[in-house]
Q: 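Before I ask anything, here is the structure I am working with.
The figures that follow rest on heavy atoms only: side chains count, while hydrogens, waters and symmetry mates do not. Just so it is clear: chains get the letters A, B, ... in the order the sequence lines come, proteins before strands, and each one is counted from 1. As the structure is a computational prediction, the values presented were derived from the model and not from experiment.
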There are 2 protein chains.
Amino acid sequence: MGRGKVELKRIEDKCSSQVTFSKRRKELIKKARELAVLCDVELSVFIFSGGGRFYEFSSGDRNFKVSCFQAHES
Amino acid sequence: MGRGKVELKRIEDKCSSQVTFSKRRKELIKKARELAVLCDVELSVFIFSGGGRFYEFSSGDRNFKVSCFQAHES
DNA sequence: TCTCCTATTTATAACGG
DNA sequence: TCCGTTATAAATAGGAG
């Protein structure tokens with residue numbers, strides 16, 4: 001979308017990647033929230049950024065407790 | 001988007017809700033996949049539909065093992 | 001539930017600040 | 001990082017099959 005067509009490959013440029021991540025992360029969570037509200041479903045989105053930051057969105061009347069384990073190559 | 005502006009409230013009509021859920025769920029996961037690829041981040045999306053169905057998307061070089069517990073009102 | 005269609009709304013890339 | 005702007009790409013509501 002936007003000024004150019006997006007190519008589905010890793011954005012090498014750190015700065016561009018950061019900007020895109022910030023924008024798309026926000027919109028993904030917005031879409032998730034919309035889906036939850038519109039269709040009355042419960043959902044969770046977990047995002048683990050390379051910098052070690054963690055972003056989460058969870059909907060639901062009941063609380064979801066989600067434990068995440070990163071299984072390093074076994 | 002589309003022919004009418006979307007109103008952010010629960011879609012009461014079962015049929016419309018189902019159709020919207022199907023379309024938006026698909027696109028949400030597509031967006032999630034794009035974000036993961038473009039920005040090289042790991043993420044997971046879990047969707048629990050009212051009908052008891054479960055939809056999931058997880059990215060990542062490492063495998064994420066996610067255990068989900070639904071905590072009924074405690 | 002899926003596909004196809006299309007008018008319309010939204011998202012967003014690229015930029016400046 | 002956030003906030004705007006703008007041209008363009010993409011999503012999607014509503015309908016038909």
Side-chain angles (χ1 to χ4, degrees), chain A residues 1-64 66-70, chain B residues 1-70 72:
Chain A
M1 308 147 197
R3 299 296 178 83
K5 192 172 180 177
V6 68
E7 196 183 355
L8 198 56
K9 63 187 289 291
R10 180 184 170 178
I11 298 171
E12 297 297 336
D13 182 61
K14 288 272 186 188
C15 189
S16 298
S17 181
Q18 282 282 52
V19 172
T20 295
F21 177 59
S22 175
K23 289 180 176 180
R24 282 180 174 258
R25 171 172 40 79
K26 182 179 161 188
E27 295 302 328
L28 182 69
I29 288 176
K30 180 178 164 187
K31 286 282 187 187
R33 179 177 286 112
E34 288 182 359
L35 180 61
V37 172
L38 291 171
C39 303
D40 196 30
V41 297
E42 298 182 4
L43 59 83
S44 291
V45 177
F46 302 99
I47 306 172
F48 311 86
S49 77
R53 264 190 275 271
F54 175 58
Y55 304 87
E56 177 190 1
F57 168 71
S58 291
S59 74
D61 299 330
R62 289 172 297 187
N63 293 319
F64 283 94
V66 181
S67 304
C68 303
F69 303 96
Q70 293 189 8
Chain B
M1 308 146 197
R3 299 298 177 80
K5 192 172 182 178
V6 68
E7 196 183 354
L8 198 55
K9 63 187 289 290
R10 181 182 171 179
I11 298 171
E12 297 298 337
D13 181 62
K14 288 272 185 188
C15 189
S16 297
S17 181
Q18 282 282 51
V19 172
T20 296
F21 177 59
S22 176
K23 289 180 175 180
R24 281 179 174 259
R25 170 172 41 78
K26 183 178 162 189
E27 295 303 327
L28 182 69
I29 288 177
K30 181 177 165 189
K31 286 281 188 187
R33 179 178 286 111
E34 288 182 359
L35 180 61
V37 172
L38 291 171
C39 303
D40 196 29
V41 297
E42 298 181 5
L43 59 83
S44 291
V45 177
F46 304 100
I47 305 171
F48 311 86
S49 79
R53 264 191 276 272
F54 176 58
Y55 304 88
E56 177 189 0
F57 168 71
S58 290
S59 74
D61 298 331
R62 289 171 297 187
N63 293 319
F64 282 93
K65 289 188 177 181
V66 183
S67 303
C68 303
F69 304 97
Q70 293 190 9
H72 294 262

Q: Do you know which two heavy atoms are closest between A/Val41 and B/Gly50, and how far apart they sit?
A: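 Closest approach of A/Val41 to B/Gly50: CG1-N, 4.2 Å.
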Q: How long is the line joining NZ of B/Lys26 and P of D/dT12, in whole Å?
A: 10 Å
Q: I need the CD1-P distance between B/Ile29 and D/dT12, as an integer number of Å.
A: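 Rounded to the whole Å, the gap is 12 Å.
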Q: So, for B/Leu38 and A/Glu7, which heavy atoms are closest and what is the spacing to 0.1 Å?
A: CD2-O, 3.3 Å
Q: Taking only residues two or more places apart in sequence or in another chain, which ones pass side chain to side chain contact (heavy atoms under 4.5 Å, CB included) with A/Ala36?
A: A/Leu43, A/Ser59
Q: Enter the inter-axis angle for the ends of the helix from C/dC2-D/dG17 to C/dG17-D/dC2 (five pairs per end, rounded to 10°).
A: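 Helix axis angle between the two ends: 50°.
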Q: Quick one: on DNA chain C, does B/Lys5 or B/Leu38 contact a more 5' nucleotide (nearest heavy atom)?
A: B/Lys5
Q: If you pin B/Arg3 and B/Lys31 to their nearest nucleotides in DNA chain C, which one's is more 5'?
A: B/Arg3
Q: Please report the shortest heavy-atom distance between B/Ser22 and B/Arg25, naming the atom on each side.
A: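 Smallest heavy-atom distance, with atoms named: CA-NH2, 3.6 Å.
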Q: Send over the distance from B/Leu35 CG to D/dA11 P, rounded to a whole Å.
A: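 My rounded result for the distance is 14 Å.
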Q: Under 4.0 angstrom, heavy atoms only, what part of the nucleic acid is A/Lys30 near: base, sugar-phosphate, or nothing?
A: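 The residue A/Lys30 makes sugar-phosphate contact but no base contact.
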Q: Could you state the CD-C1' distance from B/Glu27 to D/dA9, rounded to the nearest angstrom?
A: 13 Å
Q: Taking all non-hydrogen atoms of both residues, which atom of B/Val37 and which atom of A/Lys9 are closest, and how far apart?
A: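 The pair with the smallest heavy-atom distance is CG1-CA, 3.9 Å.
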Q: Give me the ring orientation class for A/Phe46 and A/Phe54: parallel if the planes are under 30° apart, tilted from 30 to 60°, perpendicular past 60°.
A: parallel
Q: Holding to side chain to side chain contact (heavy atoms under 4.5 Å, CB included), I want the full list of residues that pass it with A/Lys30, two or more places apart in sequence or in another chain.
A: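 Scan of A/Lys30 (side chain to side chain contact (heavy atoms under 4.5 Å, CB included), adjacent residues dropped) gives A/Glu27, A/Glu34.
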Q: Taking any atom under 4.0 angstrom from a heavy atom of chain A, which nucleotides of DNA chain C are the first and last to qualify, 5' to 3'?
A: C/dA11 to C/dA14
Q: Identify each donor-acceptor pair in which a side-chain atom of residues 10-18 of chain A lies under 3.5 Å from a protein atom, sequence neighbours left out, and give them as a table.
A:
unit_1: A/Asp13; atom_1: OD2; unit_2: A/Ser16; atom_2: N; d: 2.8
unit_1: A/Asp13; atom_1: OD2; unit_2: A/Ser16; atom_2: OG; d: 2.7

Q: Please list residues of residues 13-25 of chain B whose heavy atoms come under 4.0 Å from any atom in DNA chain D, ordered by number; otherwise none.
A: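 Within residues 13-25 of chain B, the residues near DNA chain D are B/Thr20, B/Lys23, B/Arg24.
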Q: Can you tell me how far apart CZ (B/Phe21) and NZ (B/Lys26) are? Round to the nearest 0.5 Å.
A: 13.5 Å
Q: Run the side-chain contact (heavy atoms from CB on, under 4.5 Å) check on A/Val6 and A/Thr20 step by step: do they pass?
A: CA-CA 11 Å; A/Val6 68; A/Thr20 295; over 6 Å; no
